[in-house]
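One structure below.
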Amino acid sequence: MTNLLLRNVRPYGGTNSDLLIRDGRIAGIGRFEAEPGMAAEDGNGAIAVPGLIDAHTHLDKTTWGMPWHENNRRAVLRERIDFERENRTAIGIDPHRQSMRHAIGLAAHGATHIRSHVDIDPVHRLAIVDGVMETREKLKGIIDIEIVAFPQSGVMVMPGTLELLDEALSQGCEVLGGIDPCGIDRDPKGQLDAIFALALKHQCPIDIHLHETGDLGAFTMELMFERIRANGMQGKVAISHAFALGMNDYLRVGQLIEQIAELDVAILTTGAPSATVPSIMRLKQAGIRVGAGCDGIRDTWGPWGQPDMLDRAKIVGMKNGLRSDIELEHVLHIVSQGGADVMRLEGYGLAEGCKADLTLLTGETIAHAVVDVAPRPLVVKGGRVTARNGHAVVEMP
């Protein structure tokens, strides 16, 4: 933790002010003189916002910095999963090195927190988790990483996976994941009963990938709602992707949204261009916690993506058909405060007393900053400068 005087910035695009940071927290907003021995930085009138948050990503998967991976496979979910599981070692995807590259890229572009789903299966067991945990330790003070124990290949169809998830949660994974109880496991009752029982055992939250669309996805959501009620897990479950909320049935989606709001289920979106996605503005109107993430970037699944939450904000905004300034401000919200709400981060924000985790944005307004996606002039984590002009203070391996 350090002390810092950040001069000449505009919190949330408002009045030009200074931020006084002591012991890694915001001690004051106004006009100040640097205290003896205190470092000072000039923000040059940039917009100050809390650190960006990638609340749905896969740090262990990227081929960033590696030779180009030629992808000639069909875009079928099960085939992508199986290929990656069976070939990632031969391709050379070292989970520690690659997660370092991904996480440092996010930090360079203004992120201060990450929720990463990390693959667990009987082939690799906990080796991939171990690699990302090493990254988490090495990047302390640069970016915080929350790990989801993620059964990418399924639970019921991959015997031994449930026991590995149990072990991973005992060893420091904070969140329990799941994936398509119908589409992947073909046993929604079996998977969901097992996942909820394990979460109750470890008293941890759940974050389930739900790629299932239309009525199938709605059916799975309703099974989740039943278990949330039965187990008293209101406010402790998130649904990632939630493609079923993008189906062309306004009333059916409305019924699902009512239950999501009632049970305080969080939604995480990536604005996937090739899929139906939830309307972030409709979810906002319902008071639902919504975060966003860059998902996988440049991996065996596909060549797209950047380790940059403003780039993802632009994708989410375009996918949702958003144009007005107030809508673009909400897009910035879901890649910052929205992610903090989903992850239940304490001390997040720009108010006095909040942790000094923030980034500067260029632009006349927040909407302008979202559209421009320019390099972040300065990123601060716990009062320490961690990146300048799009470059982190630590080098990628």
Side-chain angles (χ1 to χ4, degrees), residues 52-64 75 77 80-81 84 99 102-103 105-106 109-111 113-119 145-148 150 152 175 177-180 183-184 207-213 217 221 237-247 260 265-284 288-322 327-328 330-343 370 373:
L52 305 180
I53 297 178
D54 189 336
H56 180 99
T57 197
H58 298 268
L59 291 177
D60 59 293
K61 296 178 180 294
T62 186
T63 60
W64 201 272
L77 182 63
R80 291 174 177 177
I81 291 171
E84 181 183 54
S99 61
H102 189 159
L106 284 166
H109 294 113
H113 296 79
I114 298 170
R115 171 181 282 189
S116 178
H117 298 252
V118 181
D119 286 11
I145 300 173
E146 180 182 76
I147 298 177
V148 183
F150 179 47
Q152 171 80 88
V175 183
I179 183 170
D180 295 345
I184 294 295
D207 186 340
I208 294 183
H209 279 59
L210 194 59
H211 307 97
E212 296 165 6
T213 59
M221 285 186 186
V237 176
I239 301 176
S240 285
H241 298 305
F243 292 156
L245 295 181
M247 67 174 157
I260 288 168
V265 174
I267 301 295
L268 292 156
T269 185
T270 65
S274 59
T276 58
V277 300
S279 164
I280 63 170
M281 300 309 294
R282 192 173 182 187
L283 295 178
K284 177 187 178 183
I288 293 167
R289 291 178 294 129
V290 180
C294 65
D295 207 7
I297 61 165
R298 196 177 298 179
D299 53 22
T300 62
W301 292 55
W304 306 110
Q306 297 287 325
D308 183 350
M309 287 310 297
L310 269 195
D311 178 75
R312 183 55 51 173
K314 186 174 183 178
I315 292 170
V316 171
M318 294 177 72
K319 179 67 176 182
N320 278 263
L322 306 183
E327 291 173 331
L328 296 181
H330 184 60
V331 176
L332 191 280
H333 171 89
I334 71 166
V335 301
S336 54
Q337 184 66 56
D341 293 341
V342 171
M343 294 172 65
V370 170
V373 196

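As the structure is a computational prediction, the values presented were derived from the model and not from experiment. As a basis for the values below, the full set of heavy atoms in this structure was taken, side chains included, without hydrogen atoms, waters or symmetry mates.
- Within the 4.5 Å cutoff, no side-chain heavy atoms of Ser240 are placed close to those of Leu210.
- In this structure the side chain of Arg115 reaches within 4.5 angstrom of the side chain of Val175, judged on heavy atoms.
- Summarising the geometry of Gly305 relative to Trp64, their closest heavy-atom pair is O-CZ3, 3.8 Å, with the distance given to 0.1 Å.
- Counting only residues at least two apart or on different chains, the side chain to side chain donor-acceptor pair (under 3.5 Å) pairs with a member in residues 305-318 are Asp308-Arg376.
- Of all the heavy atoms in Ala242 and Pro278, the pair that sits closest is O-CG, 3.5 Å.
- Within the 4.5 Å cutoff, side-chain heavy atoms of Ile267 are placed close to those of Ile260.
- Contact annotation: the side chain of Ile81 approaches that of Ile179 to within less than 4.5 Å [non-hydrogen atoms, C-beta and beyond].
- Every residue meeting the side chain to side chain contact (heavy atoms under 4.5 Å, CB included) condition with Ala292, not counting sequence neighbours, appears here in chain and number order: Thr269, Met309, Ile334, Val335.
- Among residues at least two apart or in separate chains, there is no salt bridge (charged side-chain N to carboxylate O under 4.0 Å, His left out) pair with a member in residues 294-305.
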Let me see the working for Val118 and Phe150 under side chain to side chain contact (heavy atoms under 4.5 Å, CB included), right down to the final yes or no. CA-CA 5 Å; Val118 181; Phe150 179 47; 5.6 Å; no

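- Here the straight-line distance linking atom OG of Ser279 with atom NZ of Lys319 works out to 12.0 Å at 0.5 Å rounding.
- Remark: Ser99 pairs with Thr135 by the side chain to side chain donor-acceptor pair (under 3.5 Å) rule, at least two apart or across chains.
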Do Asn320 and Met281 pass the side chain to side chain contact (heavy atoms under 4.5 Å, CB included) test, and can you show the C-alpha distance, the side-chain angles, and the key distance before you say yes or no? CA-CA 8 Å; Asn320 278 263; Met281 300 309 294; 5.8 Å; no

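- By the 4.5 Å heavy-atom criterion applied to side chains, Met343 and Ile53 are counted as neighbours.
- Take Glu327 and apply the salt bridge (charged side-chain N to carboxylate O under 4.0 Å, His left out) test, not counting sequence neighbours, and it matches no residue.
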Should Thr62 and His102 be marked as a side chain to side chain contact (heavy atoms under 4.5 Å, CB included) after you check the CA-CA gap, both sets of side-chain angles, and the distance that decides it? CA-CA 7 Å; Thr62 186; His102 189 159; 3.9 Å; yes

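- Inter-residue side-chain proximity for Ile297 and Thr57 is flagged as unmet; no heavy-atom pair is nearer than 4.5 Å.
- Legend: side chain to side chain donor-acceptor pair (under 3.5 Å) pairs involving residues 330-340, not counting sequence neighbours, sorted by first then second residue: Gln337-Asp341.
- When the salt bridge (charged side-chain N to carboxylate O under 4.0 Å, His left out) test is applied to Arg289, the partners found at least two apart in sequence or on another chain are Asp264.
- When every heavy atom of Leu106 is checked against every heavy atom of Cys294, the shortest pair comes out as CD2-SG, 4.4 Å.
- Although no hydrogens or angles enter the test, the distance criterion places a donor-acceptor pair under 3.5 Å between the side chain of Asp180 and the main chain of His211.
- For Trp301, the side chain to side chain donor-acceptor pair (under 3.5 Å) partners are Glu84, not counting sequence neighbours.
- Between the side chain of His241 and the backbone N or O of Thr270, no donor-acceptor pair lies under 3.5 Å.
- The minimum heavy-atom distance between Leu59 and Ser116, with the atom names listed, is N-OG, 3.0 Å.
- Under the rule for a salt bridge (charged side-chain N to carboxylate O under 4.0 Å, His left out), Asp54 has no partner lying at least two apart in sequence or in another chain.
- Within the 4.5 Å cutoff, side-chain heavy atoms of Ile239 are placed close to those of Met221.
- Shown here for Gly339 and Ala55, the closest heavy-atom pair between the two residues is CA-CB, 4.2 Å.
- Separating the CD atom in Glu146 from the NE2 atom in His117 is a distance of 9.0 Å, to the nearest 0.5 Å.
- Listed by chain and number, the residues in a side chain to side chain contact (heavy atoms under 4.5 Å, CB included) with Ala275 are Phe243, Ala272 (sequence neighbours excluded).
- Checked against side chain to side chain donor-acceptor pair (under 3.5 Å), His209 has the following partners two or more places apart in sequence or in another chain: His56, His58.
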Using the side chain to side chain contact (heavy atoms under 4.5 Å, CB included) rule, take Val265 and Ile288 through it: C-alpha gap first, then chi angles, then the decisive distance, then the call. CA-CA 7 Å; Val265 174; Ile288 293 167; over 6 Å; no

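- Minimum heavy-atom separation, Val290 to Ile280: CG1-CG2, 4.5 Å.
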